[in-house]
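Read through the structure below, which is laid out as structure tokens, and then see the notes.
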Amino acid sequence: MKRILQKFSQSERQMEDSMLVGCSEECTPYFALDLGSLERAALESELGGSFADLRKAFVRLEEEDTTLIFLAQALLRWHNNHQYCGKTGQPTEKNLAGSKRVCHGSETIYYPQMSPVVITLVSDGSRCLLVRQASFPRGMYSALSGFCDVGETLEETVRREVAEEVGLEVESLWYSASQHWPFPNSTLMIGCHAMVCSQQSQISINQQELEAAKWFSLEEVEQALGRGPIPSQDKDDGLSFWVPPKQAIAHKLLQEWVKKQSIRAA
């Protein structure tokens with residue numbers, strides 16, 4: 001890193017802006033440093049690679065790399081957006097590891113925060129409901145998701161989001177797993193399953209939130225899981241739909257649903 005900074009006529013003190021994002025099993029620490037101010041093409045040539053949009057690169061990353069890169073981006077963005085104290089207006093200072101910022105004028109300590117988001121796979125017993133937003137790559141469907149409002153419980157958020165976005169009433173729900181997600185900012189994705197009544201499964205789409213919502217059969221979901229991700233918006237292959245890659249919690253929810261359906265059928 002010192003060599004790169006010297007080559008681009010940058011001070012070695014810039015390394016003090018780095019932050020700790022992890023440690024290997026061999027106790028090798030990993031740090032993140034924002035080099036966005038350097039000339040992009042020259043930096044790509046120096047490092048022998050190319051920059052890519054993280055959403056598009058997501059499907060190609062290994063799980064351990066995904067965790068490090070997601071945390072790095074979240075911390076870098078948080079520090080960039082919290083350089084001044086909300087009480088005094090004075091500059092805040094990053095601690096050595098990058099785990100917090102301090103205003104020495106008011107002695108206020110700021111810690112990185114995550115916004116809770118529920119991502120819910122809705123089922124009526126034999127089918128599961130998948131939705132797509134206009135921002136999704138072409139053909140991709142995923143589980144329904146939404147931010148938790150202040151004062152809401154997890155259960156209240158799931159019931160509200162399902163009612164607001166697809167007009168269905170949740171009869172029962174249960175927690176599955178969680179995942180840190182850096183898009184658009186640092187969020188905690190809380191994965192859940194929800195059951196609705198099969199006799200009242202008529203969808204009423206909130207057009208302001210969703211582009212489409214459909215019920216899918218076990219066979220259709222199994223086929224989608226077996227296809228693998230399609231990383232390019234321009235690639236179609238004539239497929240009816242595809243689902244998020246295995247690194248995404250939506251993929252895990254679908255696998256759990258398929259397993260449960262298969263056990264029930266057996």
Side-chain angles (χ1 to χ4, degrees), residues 1-86 88-117 177-190 229 231 244-249 251-252:
M1 184 54 64
K2 288 183 179 179
R3 179 184 60 80
I4 292 175
L5 290 174
Q6 290 174 352
K7 183 167 184 175
F8 285 85
S9 302
Q10 301 292 311
S11 170
E12 291 184 9
R13 291 184 61 86
Q14 189 172 341
M15 292 178 64
E16 297 176 5
D17 294 332
S18 65
M19 52 206 67
L20 182 67
V21 294
C23 188
S24 71
E25 293 183 357
E26 294 76 26
C27 297
T28 300
Y30 298 115
F31 293 87
L33 179 63
D34 187 358
L35 298 180
S37 61
L38 304 184
E39 203 279 313
R40 177 170 175 170
L43 190 58
E44 288 178 329
S45 176
E46 176 67 22
L47 297 177
S50 61
F51 288 102
D53 180 83
L54 184 54
R55 285 182 182 268
K56 296 179 180 179
F58 175 53
V59 297
R60 297 187 175 94
L61 295 174
E62 297 296 332
E63 186 173 351
E64 57 270 22
D65 294 332
T66 301
T67 301
L68 287 172
I69 293 174
F70 277 12
L71 177 56
Q73 188 194 49
L75 281 176
L76 288 170
R77 181 177 293 166
W78 181 82
H79 280 282
N80 185 58
N81 292 336
H82 292 79
Q83 297 184 27
Y84 295 91
C85 177
T88 66
Q90 297 180 16
T92 57
E93 183 176 327
K94 177 184 77 69
N95 69 332
L96 185 61
S99 60
K100 61 184 178 182
R101 299 189 72 88
V102 180
C103 172
H104 295 291
S106 63
E107 298 301 322
T108 303
I109 301 176
Y110 294 95
Y111 294 96
Q113 296 179 332
M114 293 192 296
S115 301
V117 174
S178 61
Q179 178 184 37
H180 172 246
W181 194 249
F183 311 114
N185 293 302
S186 187
T187 61
L188 177 64
M189 302 292 288
I190 305 168
K246 62 181 180 180
Q247 299 95 324
I249 195 169
H251 193 99
K252 173 181 173 62

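Only this structure's heavy atoms are used, side chains among them; waters, hydrogens and symmetry mates stay out.
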When you look at NZ of K252, are more than 12 heavy atoms from neighbouring residues, nucleotides or ligands closer to it than 6.0 Å? no

For residues E16 and K94, report the shortest heavy-atom separation together with the two atoms involved. O-NZ, 3.1 Å

Can you tell if the side chain of L43 reaches within under 4.5 Å of the side chain of R40, non-hydrogen atoms only? no

Would you call T92 and T108 a side-chain contact if the rule is heavy atoms closer than 4.5 Å? no

For the residue pair T88 and C103, what are the closest heavy atoms and their distance? OG1-SG, 3.3 Å

Quick check for you: to the nearest 0.5 Å, what is the distance between N185 atom CG and Q73 atom CD? 9.0 Å

For the atom pair CE (M15) and NZ (K2), what is the distance rounded to the nearest 0.5 Å? 6.0 Å

Side chain to side chain contact (heavy atoms under 4.5 Å, CB included) test vs W78 passes for just one of M114, R101, M19, namely R101

Rounded to the nearest 0.5 angstrom, the CG-CG distance for L76 and L71 is 9.0 Å

According to side-chain hydrogen bond (donor to acceptor under 3.5 Å, both in side chains), who are the partners of Q6, at least two apart in sequence or on a separate chain? E12

So which heavy atom on A72 is nearest to which on V21, and how close? CA-CG1, 3.8 Å

Rounded to the nearest 0.5 Å, what separates atom CH2 in W181 from atom CE in M189? 7.0 Å

Look at atom CD of E107 and say whether more than 12 heavy atoms of other residues, nucleotides or ligands are closer to it than 6.0 Å. yes

Taking the side chain as every heavy atom from C-beta outward, state whether H180 and S186 have any atom pair closer than 4.5 Å. yes

Could you list the donor-acceptor pairs under 3.5 angstrom formed between side-chain atoms of residues 30-38 and any protein atom two or more places apart in sequence or on another chain?
unit_1 : atom_1 : unit_2 : atom_2 : d
D34    : OD1    : G36    : N      : 2.8

Backbone N/O of L61 and side chain of Q247: donor-acceptor pair under 3.5 Å: yes

Using the side-chain hydrogen bond (donor to acceptor under 3.5 Å, both in side chains) criterion, which residues pair with Q10? Sequence neighbours excluded. none

Please check: side-chain N/O of Q90 versus main-chain N/O of C85, any donor-acceptor pairing under 3.5 Å? no

Do you know the tightest heavy-atom contact between L5 and S11? CD1-O, 3.8 Å

Closest non-hydrogen contact found for F70 with P182 is CD2-CD, 3.4 Å

So does S99 get a backbone contact from the side chain of N95, meaning a donor-acceptor N/O pair under 3.5 Å? yes

Does any non-hydrogen side-chain atom of P29 lie less than 4.5 Å from one of L20? yes

How close do S178 and L188 get, counting heavy atoms only, and between which atoms? CB-CD1, 4.0 Å

Within the structure provided, determine whether R3 and E46 are in side-chain contact (heavy-atom separation under 4.5 Å). yes

